[in-house]
**Q** 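Before I ask anything, let me first share the structure, which is written out below as structure tokens.
Per chain, numbering begins at 1; letters A, B, ... match sequence-line order. Computation of the quantities below employed the complete heavy-atom set of this structure, encompassing side-chain atoms and omitting hydrogens, waters and symmetry-equivalent molecules. Only a predicted model underlies this, so the values are computations on that prediction, with no experimental measurement involved.
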Amino acid sequence: MLALVDCNSCYASCEQIFRPDLRGRPVVVLSNNDGFVVARSSEAKALGIADLEPFFKIEPLLRRHKVAIFSSNYPLYGDISHRVMETLKGFSPEVEVYSIDEMFLNLQGLQEEWLSYGQRIRTTLWRDVRMPVGVGIAPSKTLAKLANRAAKNIAQCHGVCVLDTPYRWQWLQKRMPVDKVWGVGRRLAKRLGHLGIETVYDLARANPKILRRHTNIHIERTIEELNGTPCLGLEEQPPAKKQIYCTRSFGEKLTELQPIQQAVSLYASRAAEKLRGQGCLVAAMHVFLHTSPHEPNYYSRSVLVQCPYPTDDSRLLAGLAKGAIAELYRPGHRYMKAGVGLVELVPRSLGQGDLFSLGQSKRAGEVMQTLDRVNRHFGRGTLFLGAEGVHKHWKMRQAYRSPSYTTRWAALPMVQI
DNA sequence: TCTGGGGTCCTAGGACCC
DNA sequence: TCTGGGGTCCTAGGACCC
């Protein structure tokens with residue numbers, strides 16, 4: 001058996017921790033660049049605010065109902081998430097952090113009554129972190145995902161759903177549309193619909209071999225998992241990424257080359273930082289630039305850049321990205337977004353140059369180590385490349401950002417006694 | 001419901017080569 | 001100029017996730 005614990009309206013709940021005056025009130029959190037709604041408190045949901053609703057469309061409604069609005073504050077959410085995960089580690093020796101707000105727990109070998117175990121997880125997280133969660137318990141990851149959904153949506157569950165017998169999971173599967181299954185998106189659901197598969201139960205009963213021919217390889221595994229046979233193990237160590245992207249929309253449309261070059265310099269060094277974290281070097285980089293697809297004369301170009309030798313040096317990668325973006329840039333457009341992807345990764349141990357060019361110097365590696373150490377200790381952005389520019393006018397919009405209560409001394413909450 | 005973020009992986013199809 | 005095969009590299013975009 002395993003459990004999936006998922007924070008309720010994660011970002012909105014994080015904001016409420018340090019703003020108890022907002023408990024019981026509608027709260028929404030916006031995506032990067034204040035684009036659209038990515039988290040809603042239950043009171044906000046009750047107002048009919050849909051998930052992923054563009055902010056500009058519903059702003060009047062939010063104002064009318066005095067909804068508390070927040071820009072995404074990832075330093076805060078990351079820190080709260082860390083506290084949640086640390087607390088959960090007390091409930092299982094083997095855990096997988098699946099995303100910022102979800103964790104799988106291996107319950108193998110525990111002698112527990114699952115329903116009360118799930119409730120204990122909930123009350124502990126509320127007591128220690130003030131984070132409301134849903135708990136799904138089942139024999140496979142895919143079923144635990146379904147159970148978690150039920151825990152949140154069916155009031156009688158009181159936040160915990162245990163699917164430990166075929167009777168129980170089939171009861172649920174018959175009442176859930178197939179697109180609620182983990183790994184079945186909008187497109188696949190439509191194709192399954194054409195094959196007469198409407199509910200999760202239909203999918204669980206389908207012939208995996210036949211279905212695989214119509215869809216993809218993963219579907220066989222999903223069907224097994226829906227029938228209680230675990231096919232996906234817990235991944236305590238996240239597998240190494242095959243590619244690493246950093247892409248952002250600009251806070252305002254950009255027409256000049258220089259600020260775009262500054263932005264991609266930042267994206268390149270961010271991606272390089274992740275690359276070093278995974279102990280890899282990169283041999284080729286993908287760089288792209290485009291205007292808004294919602295405006296006329298949509299312009300979009302990308303290019304693959306070969307590195308002179310496998311590297312993890314932010315300075316080299318930022319320089320290459322700047323050069324590439326100059327090639328892609330054409331005057332006369334209003335650019336909305338650019339990005340950098342490290343796409344050909346090699347383990348550091350294999351990072352050798354060819355006969356005619358030397359590999360990355362030892363010194364460059366040491367400089368990067370020092371850069372990372374300083375930024376880890378004093379906070380990201382303490383040391384940065386001059387190529388990124390100092391003022392960064394193109395940075396994303398964050399008009400409603402809360403203080404980073406737990407990660408900046410200056411933002412420490414004050415208590416009056 | 002065409003969806004104004006970001007990340008990762010995958011695949012179709014074109015260009016070019018032998 | 002058209003036709004046939006097979007491979008690699010690259011770009012664009014789809015699909016799914018949170």
**Q** Can you see which heavy atom on A:S71 is nearest to which on A:E15, and at what distance?
**A** O-OE2, 4.1 Å
**Q** Which residue is it: A:I223, A:N227, A:T199, A:I197? I am looking for the one with a side-chain contact (heavy atoms from CB on, under 4.5 Å) to A:R205.
**A**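 By the side-chain contact (heavy atoms from CB on, under 4.5 Å) criterion, A:R205 pairs with just one of A:I223, A:N227, A:T199, A:I197: A:N227.
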**Q** Name the nucleic acid region contacted by A:E344, choosing base, sugar-phosphate or nothing; use a 4.0 angstrom heavy-atom cut-off, strictly under.
**A** nothing
**Q** Salt bridge (charged side-chain N to carboxylate O under 4.0 Å, His left out): which pairs involve residues 329-339 of chain A, sequence neighbours left out?
**A** A:E295-A:R334
**Q** Just N and O in the side chain of A:W182: are any of them under 4.0 Å from OP1 or OP2 of C:dC18?
**A**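 Looking at the OP1 and OP2 atoms of C:dC18, one of them is under 4.0 Å from a side-chain N or O of A:W182.
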**Q** Mind checking A:D34 for me? I need base, sugar-phosphate or nothing, with any heavy atom below 4.0 Å counting as a touch.
**A**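 No contact at all - A:D34 keeps every heavy atom at 4.0 Å or more from the nucleic acid.
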**Q** How does each nucleotide of nucleotides 3-13 of chain B score, in 5' to 3' order, for protein heavy atoms under 4.0 Å: base (B), sugar-phosphate only (S), or none (-)?
**A** BBBSSSBS---
**Q** What pairs meet the ring-ring contact (aromatic ring centres under 6.0 Å, His included) rule with one or both residues in residues 35-68 of chain A, with sequence neighbours excluded?
**A** A:F55-A:Y400
**Q** Please report, rounded to the nearest Å, how far the P atom of B:dT1 is from the CD1 atom of A:I58.
**A** 18 Å
**Q** How long is the span from the CD1 atom in A:I80 to the OH atom in A:Y405, to the nearest 0.5 Å?
**A**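 Interatomic distance, A:I80 CD1 to A:Y405 OH, rounded to 0.5 Å: 10.5 Å.
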**Q** Mind checking A:V343 for me? I need base, sugar-phosphate or nothing, with any heavy atom below 4.0 Å counting as a touch.
**A** nothing
**Q** Assign A:K190 to base, sugar-phosphate, or nothing according to its heavy-atom contacts below 4.0 angstrom with the strands shown.
**A**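 Answer is nothing: A:K190 stays at 4.0 Å or more from every strand.
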**Q** Indicate, with a heavy-atom threshold strictly under 4.0 Å, whether A:E102 touches base, sugar-phosphate, or nothing.
**A** sugar-phosphate
**Q** Could you spell out the base pairing of DNA chain C in dot-bracket, with Watson-Crick or G-U pairs whose two distances are under 3.5 Å, [ ] crossing and | to another strand?
**A** ....||||||||||||||
**Q** Got a sec, which pairs hit salt bridge (charged side-chain N to carboxylate O under 4.0 Å, His left out) with one end in residues 235-261 of chain A, sequence neighbours left out?
**A** none
**Q** With rounding to whole Å, what would you report as the distance between C:dG13 and B:dT3 at their C1' atoms?
**A**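 Per the computed distance, 16 Å lies between those C1' atoms.
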**Q** Please tabulate, for the side chains in residues 171-180 of chain A, all donor-acceptor contacts under 3.5 angstrom to protein atoms that are two or more places apart in sequence or on a different chain.
**A**
{"from": "A:Q173", "atom 1": "NE2", "to": "A:L226", "atom 2": "O", "distance (Å)": "2.9"}
{"from": "A:R175", "atom 1": "NH1", "to": "A:W171", "atom 2": "O", "distance (Å)": "2.7"}

**Q** Between A:Y74 and A:Y11, is the ring-ring contact (aromatic ring centres under 6.0 Å, His included) condition met? List the steps.
**A** CA-CA 9 Å; A:Y74 284 101; A:Y11 300 166; 5.6 Å; yes
**Q** Mind running ring-ring contact (aromatic ring centres under 6.0 Å, His included) on A:W394 and A:Y335 for me, showing each step along the way?
**A** CA-CA 11 Å; A:W394 37 267; A:Y335 294 99; over 10 Å; no
